[in-house]
Structure formats: structure tokens, C-alpha cells
Number of protein chains: 2
Amino acid sequence: MNVVNESPRRKELTRLAAQLFVQEGFDRTTVRMLAQEMGIKSGSLFHHFRDKQEILAAVIEEGTQNALMLARQALEECGDSASERLHAMARAHLETLLTDRNAHVVALYEWRRLDAAARDHLSHLRDAYEELWERVIDEALEAGLVHGDRFLVSRFVMGALNWTVRWYDPEGPRKPEDLAHELVAMIAPSTPSQPGQSTKV
Amino acid sequence: MNVVNESPRRKELTRLAAQLFVQEGFDRTTVRMLAQEMGIKSGSLFHHFRDKQEILAAVIEEGTQNALMLARQALEECGDSASERLHAMARAHLETLLTDRNAHVVALYEWRRLDAAARDHLSHLRDAYEELWERVIDEALEAGLVHGDRFLVSRFVMGALNWTVRWYDPEGPRKPEDLAHELVAMIAPSTPSQPGQSTKV
DNA sequence: GGTTTACACTAGCGCTTGCTTGGTTGATCT
DNA sequence: AGATCAACCAAGCAAGCGCTAGTGTAAACC
């Protein structure tokens, strides 16, 4: 009876689950709460998902896939200079935190609740995303835009960006674009202040 | 029967609880698991703590108090220059992450499981700690060591530092001192490379 | 020497949890 | 018209949960 495929109903349910997981945390969200939010009874939930863990995995997968897609797109559309590419990645990252906020918060906080199989599958996705970052940071280092240890710089940058979900207010005056700009300015002060004009190397 | 004071036994139990909370998460850690780890029966636990939530609060309080103490001490002992103070704060922060790792991981991940009263009490402690940071960052901005928006810079720095609990390996070659140095170098490239010699402003 | 105190035990209550079972519905396809 | 199928429901099981009540005991205190 249970489906593993990507029915549109399942997508919708996943979105609702993400919201509840953020509000209550995974463990505290009961299947009854999930069902009620979805307008069905708790038993019916298991027609769409094998078990509760699979809902969590679906939420995280959705968010990570979107982030990966958006980052790739941003890199294709931007200029060739190291500073432009760094800026594009930061902006793309912050924009997914805006649009897919729930899914990303769940991914950050509830990662360890995944069982071994799901964690294995999803960590490959996440690694692909982080590889994009490491490549862009390598370019920035080579271009002399940023200085320091390759590994540490990328961890610090990822930390600063991921941490935004804890304080960023989408209703506030600051846009993702602004944050991206400020971050790049902080770690690469020699960057030209207008991201439009490229600094070819 | 229940005690609220700071018996040495309670301190020891708090330390053990922190470890379990990190391994399993707060919700998944049952009072029976806690009791077993402590070598007593589940009922006896409630002689030391009013309820399960109080154990969580004790864990987080312990970690935050230590961090605050170490940061204040580091600021007193270091030189007057903005770069030295920035460096001292970063090192102190990373050192508590090393020594009190469990407590800090719990504080980061399980904060929302606190009830309103505990959260209110503990957020004051955390605010005091973050105030130290903001002051040091203000000094760095005034000294021209770092550039950018006051609010954003401090968030980015806190993010980079707090994120370290997710990847830092205490057994590895990098010491907290090294990380602190690298971070300061990244955001304030004009810093002298030897933290010992002060740059008076 | 009697009382108090700190710490532990046994036993279990009342409730919630994730998940299963067996069956019903209404739309779609042949 | 009959078969198929996704989607749902009602009912409930077995296990586990936080926590309480009442008791025992050895050390500390007056």
C-alpha cells in the first residue's frame, strides 16, 4: 500500500510536516499532530510514508535538492571572476534559506534523527553541495581575494551562513542580497563594491 | 525532598546527562537511561532534580556559566589592542567548546526544549556573553581592524565559531589557538601575525 | 540515643507513542 | 458493468513514557 514515489499529495504533506518539525521538533511532533495538520487521520499517514522517519528524510531531501539546484543555476548565470562567483554562491545560499527555511532548519537540527540508510543517502547530496562551495573558495584563494587555510575558510564561511537561520528575519529590512554582500566584504575587503562589474583575473 | 542547590553529586549527574543528551537528544533520552548511566534507579533521579526539564536547564547553565567566566578571564589577561582582545575572545570561545563540548552542543540543539521559565533565566546569561562579544567587535570596528555592519559582523563571527562544534575534531592537529588565529586573520587581514606583540591604537 | 537528613529503592499509575489491521469510498480505466 | 486503485477511516495494540508514593538505611547532628 505504501508509496515511495513522488506523488503531488506527498509533496504537499512534506511541506506541512516541515513546518511542524520546525515548530515542535521531530521527536515532539506526533503522527497525530501531523495527520491533523494535514486534515486526515493518523492511520492514513502511513499510506503516504512507510514510517515517521521517512517523513523526516523527505523533508530534508526536498530542501537539499533545491539548494543544490539553485546554487548550480547561480554559478552558471554569474560572471567568471572569483568575487562574482563567491558572491553568487552566498546569495543563492541565503535565498534558499529564505524560501525553503523550514526544510533547512529541519536539516540542521534534526539530522541526527535520521536512520543510517537515510543519512547515508542524504549526506551524498549534502557533500555535492559543499563541494560547490569548496571549489568557489579555492578560486577565491587562488585569486588572492581571500587568505588562509582552504579547509578552515570554507568551514568558517559555511558556519556564518548556516547560522543565519537562527537570527535572520525575512520581514526585516535586510535582503539576502545585502547579507551576501556584507559577508563577502568582510572576508574579502578588496572586492569592488558593485558586484555587477567583474574583476577579471 | 527535591533539592535545587548545587550538591557535588548533582554536578556529576549533570555532566553525565550532558553526554547522553548529546548522544541521543533530549527527547529520546529517557529518565531510565539517565538513571542507568548514573548507576541508580529511575525513581531516585527525582531526588536530585524536580523533573526532566530541570536536568536540561542544569546542563545548559553549567556550560554557559563556564563560557562566560572564561571569556571574562581572557579579556582581563590579554593586552589592550583591539586585535589582541578579538583574538583572546575567539580563543576562549573555542577552548570552552573543547572542554565543555557536551554542554554547548546541548545548548545549541536543545534550547527550545526548555520551558518558559528556564529559557528566560538562561537567555540572560547568554545575553551577557554575547554582550562581551559585541563590545570587542565594536572595538575592532573602531580600530579599523574589521569593516562592515556592527550587527552583521558579530552574527557572522558567532556563526563561524559556534559552527565549529559540528566539525571540530579535538584529536586532530589543529588547536583552538590555531583556529582563533585563522579566524581573526580571515576577517582582519591587517593583523600582525604574532599575537604576542601588541598593536596599540 | 534519639532525630533528622541525604540518598536510594520497589512498584506501578495514567497516559501517549508509533504503527497495524480490516474495511469503506469515489474516481478512473477497460 | 465490472475491476482496479489511491486515499482515507475507525479502532486499538503493545510498548514505552515521565513521574509519584511509600519505604529502607546509613551517616550526621543535637
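Naming: A, B, ... by sequence-line order, numbering from 1 per chain. Quantities reported herein were computed from a predicted structural model and do not represent experimental measurements.
One can place NZ of A:Lys41 at 20 Å from C1' of D:dA6, the figure rounded to the nearest angstrom. B:Asp51 places its CG atom 5 Å from the P atom of D:dC19, with the value rounded to the nearest Å. Protein atom CG of A:Leu13 is 12 Å distant from nucleotide atom C1' of D:dC8, rounded to whole Å. If you take CZ of A:Arg50 and C1' of C:dG18, they are 15 Å apart, rounded to a whole angstrom. Between the CG atom of A:Leu34 and the P atom of C:dG18 there is a distance of 8 Å, given to the nearest Å. To the nearest angstrom, P of D:dG18 lies 10 Å from CZ of A:Arg28. As rounded to whole Å, 11 Å separates atom C1' of C:dC15 from atom CZ of A:Arg32. Regarding B:Met38, its CE atom lies at a distance of 14 Å from the P atom of C:dC7, rounded to whole Å.
In summary, the side chains of A:His48 and A:Glu54 do not present any donor paired with an acceptor at a separation below 3.5 Å, with no hydrogens or angles considered. Counting only N and O atoms by type, the side chains of A:Asn162 and A:His104 include no donor and acceptor under 3.5 Å apart.
Here the side chain of B:Phe46 is nearest to one of D:dC9, D:dT20, C:dC9, namely D:dT20. If you check D:dG18, D:dC8, C:dG18 against the side chain of B:Val31, the one that comes closest is D:dG18. Comparing D:dA7, D:dC17, C:dC7 by their nearest atom to the side chain of A:Arg9 picks out D:dA7.
A salt bridge links B:Arg174 with A:Asp149: at least one charged nitrogen is closer than 4.0 Å to a carboxylate oxygen. A salt bridge is defined here as a Lys NZ or Arg NE, NH1 or NH2 lying under 4.0 Å from an Asp or Glu carboxylate O, and A:Arg15 with A:Glu12 meets this definition.
Note on A:His48: a side-chain N or O is less than 4.0 Å away from OP1 or OP2 of D:dC8. Look at A:Ser44 and you'll find a side-chain N or O under 4.0 angstrom from OP1 or OP2 of D:dC9. In this structure, A:His47 reaches the D:dA7 phosphate: one of its side-chain N or O atoms is under 4.0 Å from OP1 or OP2. An OP1 or OP2 oxygen of D:dG18 is reached within less than 4.0 angstrom by a side-chain nitrogen or oxygen of B:Lys52.
Between A:His93 and A:Tyr129, the ring-plane angle classifies as tilted under the 30° and 60° cut-offs.
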